[in-house]
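Inspection log for the structure reproduced underneath, given as structure tokens.
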2 protein chains.
Amino acid sequence: MAGNTTPEGRPDLAAMIVPLGRALVAAELPVLREHGLAMWAYSVLLRLDDEPVRTQAALARDIGADKTRIIGVLDGLEERGLIRRQSDPADRRARVLSLTPAGRRMRDAVQSAIQQREEQLLARLPEEDRRGFLNALQALATLSPSEITGD
Amino acid sequence: MAGNTTPEGRPDLAAMIVPLGRALVAAELPVLREHGLAMWAYSVLLRLDDEPVRTQAALARDIGADKTRIIGVLDGLEERGLIRRQSDPADRRARVLSLTPAGRRMRDAVQSAIQQREEQLLARLPEEDRRGFLNALQALATLSPSEITGD
DNA sequence: GCTTACGATAAGCGCATGCGTATCATGGGT
DNA sequence: ACCCATGATACGCATGCGCTTATCGTAAGC
């Protein structure tokens, strides 16, 4: 059962993390569907949570989407009143993106439902592993891709 | 900078893990290219490491590939002498897949290079977080997708 | 022997995605 | 005024992938 092990006895990180990520995404999909959100739309809501984003291109880069693909996503979110696209008075080429109150409520509801599921999963872990896991994950998540790739 | 946080103060697991997985895969690609391997081919070598696999369909399922897509991958690996496809004497419809010695050497070389990079990354973490991270990751990696999705 | 089931392979369809390019509006520098 | 860079948008192309179907060989039960 324990395949792909090295002398130190662990599989490649990617070999463990990528399938785990797939499963976590699969776990989110039903929740998102209940709220009528697609994954890209949810990613946008998450990214816009804290502060507005000045340009759509920057938003696309941040969430790892193609800049030509989020246009339709933003159209849908704006149409449903979840985000605002306002021309930046200082640079009218740019559209400042921000959450509406409804958008924030949507984000809170969905994220709360998702994290509730995740807590059930984490509850399987011993307390100290769980804390180390979350600490390490948050540390690694703040690294830039180039720092992970190997500088 | 710390966006997408809940009252407990962490982003969604998937929101951290998926980009991390992408970055780890990106880090592997140059190593794989040096050895002339594609990601699917490397996945096959990893899966075959410990024991032979009885059918190609089972292999495809295990590594998350479509069963019709790995045919070409196996063709290439067999042509390069890295794997063997032997008819199962007990059921000649099946092709028992196994690593050749050359395949095992290739796997060891590539995995060692990859894990060497990963160790550099893990070295950034405090010792206890690192241990908890690896423990938790290995525990979660052995769960079936349905157990992660929420049973 | 005949039928049914399983496995490998090939070929085609469709979706999601990334990329390049063109267009138009705008801003900033010369 | 003029030129070039930037931003949003739309369009077309190519790719990679999953899914489905069809064909063929083989195994196993009747």
Side-chain angles (χ1 to χ4, degrees), chain A residues 14-15 18-19 21-23 25-26 28-29 32-33 36-44 47-48 51-79 83-98 145 149, chain B residues 14 18-19 21-23 25-26 28-29 32-33 37-44 47-48 52-79 83-98 145-146 149:
Chain A
V18 172
R22 264 202 284 267
V25 168
E28 291 191 0
L29 288 182
L32 292 176
R33 191 187 321 261
L37 284 181
M39 184 58 77
W40 283 124
Y42 181 55
S43 298
V44 168
R47 176 62 189 84
L48 293 183
E51 81 274 359
V53 174
R54 211 185 63 84
T55 73
Q56 299 184 176
L59 171 67
R61 178 174 35 74
D62 287 355
I63 66 176
D66 189 88
K67 68 180 192 301
T68 68
R69 301 220 80 250
I70 58 166
I71 297 176
V73 177
L74 297 178
D75 288 346
L77 288 172
E78 189 181 26
E79 193 175 346
I83 67 167
R84 261 188 304 262
R85 273 198 277 204
Q86 297 164 307
S87 283
D88 183 352
D91 183 346
R92 276 180 299 180
R93 295 171 303 179
R95 314 286 177 86
V96 180
L97 303 165
S98 57
T149 305
Chain B
V18 172
R22 264 202 284 266
V25 168
E28 290 190 359
L29 289 182
L32 292 176
R33 190 186 322 261
L37 285 182
M39 183 58 76
W40 283 125
Y42 181 55
S43 299
V44 169
R47 177 62 189 84
L48 293 182
V53 173
R54 211 184 63 85
T55 73
Q56 299 185 176
L59 171 66
R61 176 175 35 76
D62 287 354
I63 67 176
D66 190 272
K67 69 179 191 299
T68 67
R69 301 218 81 247
I70 59 166
I71 298 175
V73 177
L74 296 179
D75 288 346
L77 288 173
E78 189 179 26
E79 193 176 347
I83 68 168
R84 262 188 305 261
R85 274 199 275 203
Q86 297 165 305
S87 283
D88 183 350
D91 183 345
R92 277 179 299 181
R93 295 171 304 179
R95 315 287 178 86
V96 180
L97 304 165
S98 57
S146 65
T149 306

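In what follows, every chain begins at residue 1, and chains take the letters A, B, ... in the order their sequences are listed. These values consider heavy atoms only, across backbone and side chains, with no hydrogens, waters or symmetry-generated copies.
Taken from CG in B/Leu74 to CG in B/Leu48, the straight-line distance is 8.0 Å, to the nearest 0.5 Å. Taking CZ from B/Arg95 and CD1 from B/Ile83, the interatomic distance works out to 11.0 Å, rounded to the nearest 0.5 Å. For the atom pair A/Arg92 CZ and A/Gln86 CD, the distance stands at 15.0 Å (nearest 0.5 Å). In this structure, CZ in B/Arg47 is found 10.0 Å from CG in B/Leu97, a value given to the nearest 0.5 Å.
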What N/O pairs connect the protein and nucleotides 27-30 of chain D at under 3.5 Å? Give each pair on its own line.
| unit_1 | atom_1 | unit_2 | atom_2 | d |
| --- | --- | --- | --- | --- |
| D/dA27 | OP1 | B/Arg92 | N | 3.2 |
| D/dA27 | OP1 | B/Arg92 | NE | 2.4 |
| D/dA27 | OP1 | B/Arg92 | NH2 | 3.4 |
| D/dA27 | OP2 | B/Arg92 | NH2 | 3.0 |

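Using a 4.0 Å cut-off, some side-chain N or O of B/Gln56 falls inside it from OP1 or OP2 of C/dT9. Between D/dT9 and A/Arg95, a contact under 4.0 Å exists linking OP1 or OP2 to a side-chain N or O.
Under the rule for a side-chain contact (heavy atoms from CB on, under 4.5 Å), the partners of A/Thr68 that lie at least two apart in sequence or sit in another chain are A/Asp66.
Atom NZ in A/Lys67 sits roughly 13 Å away from atom P in D/dA10 (whole-Å rounding). Atom CZ in B/Arg85 sits roughly 16 Å away from atom P in C/dG7 (whole-Å rounding). One can place CD1 of B/Ile71 at 15 Å from P of D/dC17, the figure rounded to the nearest angstrom. The separation between A/Arg54 atom CZ and C/dT26 atom P is 15 Å, rounded to whole Å.
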Worksheet item: What string of B, S and - do you get for nucleotides 14-19 of chain C, 5' to 3', if B is base contact, S is sugar-phosphate-only contact and - is no contact with any protein heavy atom under 4.0 Å?
Response: ---BSB
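The side-chain heavy atoms of A/Leu37 and A/Leu77, taken from C-beta on, include a pair separated by under 4.5 Å. In this structure, B/Gln56 and B/Val44 have side chains that are not in contact, with every pair of non-hydrogen atoms separated by 4.5 Å or more.
Nearest heavy-atom pair, A/Ala60 versus A/Lys67, reported as atom, atom and distance to 0.1 Å: CB-CA, 3.7 Å.
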